[in-house]
Amino acid sequence: MIKYSPQKIERKWQRVWLKSGIYWAKDGSKKKKSYILVEFPYPSGEGLHVGHCRPYIAFDILSRKRRMDGFNTLFPMGWDAFGLPTENYAVKTGIHPRVATRKNTAFFKRQQKSLGLSFDWSREINTTDPGYYKWTQWIFLQLFKNDLAYKAKMPINWCPSCKIGLAAEEVIDGSCERCGAKVIRKEKEQWLLRITKYAERLIQDLDLVDYPEKVKTLQKDWIGRSEGWEVQFPISNSQLPNETKSSEAREEPKAPRASINVFTTRIDTLFGATYLVLAPEHPFIENSKSLPAQAGEIRNSKFVQKYIEEAKGKTERERISEVKEKTGVELKGLVALNPANGRKIPIYIADYVLVHYGKGAIMAVPAHDSRDWDFAKKYNLPIIDVIKQQQDTSNKIQDTKAFAEAPPPLTPRLSASAYEGEGILINSDRFTGMKSEDARIRIGDWLQKQGLAKKTVNYKLRDWIFSRQRYWGEPIPLVFCERCALRQGSGQGWVQIPEKDLPLKLPNVKDYKPTQEGESPLAKVKSWVETKCPNCHGSARRETDVMPNWAGSNWYYLAYLMRGIFSFQFPISKYKKVFKYWMPVDWYNGGMEHSTLHLLYSRFIFKFLWDIGAVPKSIGPEPYKKRTSHGVILGEGGIKMSKSKGNVITPDQVVWRQGADTLRVYEMFMGPFGETITWDPKGVKGARRFLEKVWKLFGKYEIRPQPIFNRLGRPALIQGLRRNPKSEMPISSSILDKVGTNPKSQAPISQLERLLHKTVKKVGEDIENLRFNTAISALMVLVNELSKNKEQLTENNLKVFLLLLAPFAPHLSEELWQRMRYKNSVHLQPWPKYDPKLVKEETFTLVIQISGRVRDKVEAPSRISEKEAKELAISSERVRKWIAGKGIKKVVFVPGKLVNIVV
RNA sequence: GCCGAGGUGGCGAAACUUGGCAACCGCGAUAGGUUUAGGACCUAUUACCUUUUAGGUUUGUGGGUUCAAAUCCCACCCUCGGCACCA
């Protein structure tokens, strides 16, 4: 018998499939569509490792099965090729990033092809191609036109090693995500996108999509919505006499006076606010010099300035590492007035308050906030309890007076920590005795009437820094024109390049290093920077920043639909029909690490495109219907695979030695798809053994290898394989409607036949649920069963088995399919159907329990009645032994399962 | 600290959706066969314990519900992942 040598058959079929284009999806087909998307990779120089392959293989299996189900299935692939590693490589070697990218993508593509993945290569995209980034730039211009892109000076996270500004999302533990260097803060002009404008919708519309709860939670937490109140604290001179009166008496609003606004979610604790804290960057400190006389002035400004300077020099990381040791400085000479009771409270600046959240200032309630508690303890500030915990929540509070008894204000508190929960108000004037949840509304309303508070919603989400001072990215298609700036009067002066001039191509440079000041290398190219204003034709300067690496992946799921790769033509309305047919993506799989980055960004951009009508309204405001994530593959010993650890397993190693089908089966069999697993070289052997076993089953179909290409280089062996991608995928009609059953024969249905039907059901359902490990297990059971008896190796049994195996081991299945001399490709066959009646067994093992313990098992017909089953149980020898001398209390019968006799 | 996932043989795991024979399938191991050897392949055994034609114990720990719990409920312990001064 010919040996199973995957090296020989895999290459062959890969060539046939590619030439015949059987995996190409058809635009505008009448068939139901299925758009399956896996995240496209960044083609690094190292190539793929086995972990990358896991989602590709899994969704290749799903795509193949969906095709067999009759879906017009789109499963595309492309390259997210702009980015830092390629640029750093260029800095080091002087090799142009374009050249490196070409080499890397070729490498990646070769590896992917060697796995036998059924990508529609006719739709391949590359984000670095001018034909592609023309659209990335076009989207930016639309954002700019709609006031969603703006430039602002801001402190950014600066990586001194990469010489690049990082988005908050790219900073991991205070270090650069890419190189691990410590991030510092630096002021820089940056382009930003107003993703915050979409914050509410990005939360709301999560209800429309099928994402794992975990991903939804991650996104919601990242956006961080919180409802609360903005409260105004008037500022006063600490020298003035105390104006504390009863809260009733100070209703009349005076002439506008200096004040500080804070954001709080716990306005119910307002009476416990004993000081204010401002972030060091808070503008109030700058502006305090021009305070009205009654407000006074900061008397220790030198000291304050020193603290501010220190805080600014600290990185976020340093600030965070000092969580336990809070620092701050009092603004001497000023006090704030608590709007609830007019009490004078001191004002501090401290770096535990963040400038970019809320109003950059807080009211400190040390009794009910652990951070304020720590600060108050350190600086010996008053702590006033205003919420009393309800001891017994089951008893409703009848006597609120009992709760009104509280330690007198301003006495040092005895408890050891802040109480942050809900409860009953104390020390809160006329609100005392109220539930904190209710007080929140009542106090808020009361202050709102006086114009001292307003209800607001705050988000943690910040606008998205959308520029990088680097080379290898999409140029931002704007120029700065002094003349237009003056004329506009707005001081803006940014003029967009006309759409017809897109793409704005990235010029060649010799030196890829950013300047010492952190400007893009493009800033050194005079001929590029100096240009004419498209508006007034005067001299103007180009923007030299480029877009971040996320820009190209915001919309790539649309690019796959825009046929005519890299020559997509304006206007976008040309593509409405294909968008309408294919969108939204039916199933999108990607890494968990993208839950708050790419996934959130691309949802935002899609919503924007939907808003401006660039995509049809009918497809809805969400790009992805369903999202799943794959688990990571760890190296041997459970360590993350990395070049530096030298434990990287490449698919090539496995494909060359064991074959692509073995790699596919192993990766799918090794554990649940969504979970982290450790690579085990011994496990690979098991997968290979399984395929060898399959090979042997088909021993009788041994044929001499035939030429598969004719002289013209066309596939010769298979007739009728679709060669023209425009034609509909042909489906062979010769397949049985039901597997295993021969309608003519009246012979009893064999156990094997039932197993066949069961396996068809299980494998099909398991694939749709990404339970590949159990699907393969079921296939193994079937193979073991088939190989027990040669008689069972009938043509029909083998055929059905091959169809089930085809998505998992496409090469082997195709080879055996051809050896059986069937026409057409196994991958163009319909998925077998099972008979629900035959999935159920005719007999089952009736388990007999005595008081819950298994004592005997007997074969019984499936439809056995309760009475019969009980009689059967009691008639058993063993059972009699166990119940002898004991009274039967109760007998439980579960149809199809067991009888339990309680004694 | 907060959020999430998980804890089952020597190992990867299955059974959890729907409470009903715990450990499918695979790896490894042991014995035998085959082979010049190694490897490959075939057959059998393989959760643990005991006094082994049989019985007992076992799903992180403790409790609860139930005729019956890996599965449902409560408390705790441990591991992994993510977020983290967001007022």
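Keep in mind it's a predicted model, so treat the numbers as computed, not measured. Just so it is clear: chains get the letters A, B, ... in the order the sequence lines come, proteins before strands, and each one is counted from 1.
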message: Checking contacts here: which listed nucleotide (B:rC85, B:rA87, B:rC24) is nearest the side-chain heavy atoms of A:Ile362?
response: B:rA87
task: Give a yes/no answer on whether the side chain of A:Lys214 brings an N or O atom under 4.0 Å of OP1 or OP2 in B:rA5.
output: no
task: Could you let me know what B:rC41 is paired to, Watson-Crick or G-U wobble, both distances under 3.5 Å, or none if it's on its own?
output: B:rG33
statement: With syn meaning chi within 90° of zero and anything else anti, the base of B:rG26 is anti
- prompt: If you measure from the Lys or Arg side-chain nitrogens to the Asp or Glu carboxylate oxygens, is any gap between A:Glu785 and A:Lys788 under 4.0 Å?
  reply: yes
- request: Please determine if a side-chain N or O atom of A:Asn773 lies less than 4.0 Å away from the OP1 or OP2 oxygen of B:rA14.
  value: yes
field: Candidate nucleotides B:rC42, B:rG20, B:rA84, ranked by approach to the side chain of A:Lys693 - the nearest
entry: B:rC42
message: Mind checking if A:Lys682 touches a base, just sugar-phosphate, or nothing, with heavy atoms under 4.0 Å?
response: sugar-phosphate
message: Donor-acceptor pair, distance only, cut-off 3.5 Å: does the side chain of A:Asp385 make one with the backbone of A:Ile387?
response: no
- prompt: Is A:Val847 touching bases, backbone alone, or none of the nucleic acid, heavy atoms closer than 4.0 Å?
  reply: base
Value in whole Å for how far the P atom of B:rA87 lies from CD of A:Glu230: 14 Å
- request: Please work out if A:Gly686 contacts a base, only the sugar-phosphate, or nothing of the nucleic acid, heavy-atom cut-off 4.0 Å.
  value: sugar-phosphate
message: Only pairs with both distances under 3.5 Å count, Watson-Crick or wobble alike; so what is the partner of B:rU18 in this structure?
response: none
message: Any base atoms under 4.0 Å from A:Arg855, or only sugar-phosphate, or nothing? Heavy atoms, all strands.
response: sugar-phosphate
query: Expressed in whole Å, how much space separates the C1' atoms belonging to B:rC48 and B:rG62?
result: 22 Å
query: A:Ile677 has a side chain; which of B:rC21, B:rA13, B:rG20 sits nearest to it?
result: B:rA13
query: Are A:Trp229 and A:Phe263 an aromatic pair by the rule of ring centers under 6.0 Å?
result: no
- request: Take atom C1' in B:rU46 and the same atom in B:rC11, then report the distance between them in whole Å.
  value: 13 Å
task: Please state how far atom CD in A:Gln219 lies from atom P in B:rG4, giving the value in whole angstrom units.
output: 16 Å
- prompt: Is A:Lys454 atom NZ crowded by more than 12 heavy atoms from other residues, nucleotides or ligands, each under 6.0 Å away?
  reply: no
Spacing of the C1' atoms in B:rC83 and B:rG28 (rounded, Å): 40 Å
message: For B:rC21, does the base pair up with any side-chain atom of A:Lys897 as donor and acceptor (N or O, under 3.5 Å, distance only)?
response: no
query: Rounded to the nearest 0.5 Å, how far apart are CD1 of A:Ile285 and CD1 of A:Ile349?
result: 4.5 Å
query: Can a donor-acceptor pair under 3.5 Å be found between the side-chain atoms of A:Glu675 and the base atoms of B:rG6?
result: no
task: If B:rG81 has a Watson-Crick or G-U wobble mate with both distances under 3.5 Å, name it; if not, just say none.
output: B:rC3
message: Tell me whether the side-chain N/O atoms of A:Lys696 come closer than 4.0 Å to OP1 or OP2 in B:rC41.
response: no
message: Applying a 4.0 Å non-hydrogen cut-off, can you work out what A:Val781 is touching in the nucleic acid: base, sugar-phosphate, or nothing?
response: sugar-phosphate
message: Under 4.0 Å, heavy atoms only, any strand: does A:Leu779 hit a base, just the sugar-phosphate, or nothing?
response: nothing
- prompt: Does the ring of A:Phe375 carry A:Lys326 above it, NZ/CZ under 6.0 angstrom from centre and within 45° of its axis?
  reply: no
- prompt: Contact class for A:Ser226 vs. all strands (heavy atom < 4.0 Å): base, sugar-phosphate, or nothing?
  reply: sugar-phosphate
Shortest side-chain distance from A:Arg689, nucleotide among B:rC27, B:rA84, B:rC25: B:rC27
message: Need the pair for B:rG10. Rule: Watson-Crick or G-U wobble, both distances under 3.5 Å, any strand; none if unpaired.
response: B:rC27
message: Rounding to an integer number of angstrom, what distance separates B:rG9 and B:rG26 when you compare their C1' atoms?
response: 14 Å
task: For A:Asp680 and B:rG12, give me the distance from atom CG to atom C1', rounded to whole Å.
output: 7 Å
Separation of atom CZ in A:Phe893 from atom P in B:rA68, rounded to whole Å: 19 Å
field: Residue matched to B:rA75 through Watson-Crick or wobble contacts both under 3.5 angstrom
entry: B:rU61
message: Given B:rG20, B:rG82, B:rC25, identify the nucleotide with an atom nearest to the side chain of A:Asn900.
response: B:rG20
- line: Between A:Asp766 and the options A:Lys758, A:Arg771, A:Lys761, the salt bridge (charged side-chain N to carboxylate O under 4.0 Å, His left out) test singles out A:Arg771
- prompt: Which whole number of Å gives the distance between the P atom of B:rU17 and that of B:rG6?
  reply: 13 Å
- request: Remember a base hit wins even if backbone is also touched, and classify A:Val892 as base, sugar-phosphate or nothing at under 4.0 Å, heavy atoms.
  value: base
task: Sticking with atom C1', work out how far B:rU52 lies from B:rG10, rounded to a whole angstrom.
output: 23 Å
- request: With RNA chain B as reference, determine whether A:Gln849 or A:Arg771 sits nearer its 5' end, using the nearest nucleotide of each.
  value: A:Arg771
message: Using whole Å, what does the distance between atom P of nucleotide B:rG20 and atom CG of A:Asp856 come to?
response: 21 Å
- prompt: Roughly, in whole Å, what's the span from NZ in A:Lys762 to P in B:rC25?
  reply: 13 Å
message: Should the side chain of A:Thr217 and the base of B:rC3 be counted as holding a donor-acceptor pair, with the cut-off at 3.5 Å?
response: no
message: Distance check needed: B:rC27 C1' versus A:Met668 CE, whole Å only.
response: 18 Å
Aromatic ring proximity A:Trp695/A:Phe690, centre distance under 6.0 Å: no
field: Carboxylate-amine/guanidinium contact A:Arg627 A:Glu39, below 4.0 Å
entry: yes
statement: Of the listed B:rA40, B:rA87, B:rA22, the closest approach to the A:Lys685 side chain comes from B:rA40
- prompt: To the nearest Å, how far apart are A:Phe772 CZ and B:rA14 C1'?
  reply: 17 Å
task: Could you check which of B:rA40, B:rC24, B:rA87 has an atom nearest any side-chain atom of A:Tyr357?
output: B:rA87
query: Which listed nucleotide (B:rG26, B:rC27, B:rA13) is nearest to the side chain of A:Asn784?
result: B:rG26
Earlier contact from the 5' end, RNA chain B, for A:Gly360 and A:Phe669: A:Phe669
query: If you check every side-chain atom of A:Thr774, which of B:rC27, B:rG56, B:rA14 has the closest atom?
result: B:rA14
message: Regarding A:Arg440 and A:Glu422, does a basic nitrogen lie under 4.0 Å from an acidic carboxylate oxygen?
response: yes
query: Which value, in whole Å, describes the distance between the C1' atoms of nucleotides B:rA69 and B:rU18?
result: 14 Å
message: If you only use heavy atoms from C-beta on, which nucleotide in B:rC83, B:rA14, B:rA22 is closest to the side chain of A:Trp222?
response: B:rC83
- prompt: Mind checking the C1' distance from B:rU65 to B:rG82? Whole angstroms is fine.
  reply: 35 Å
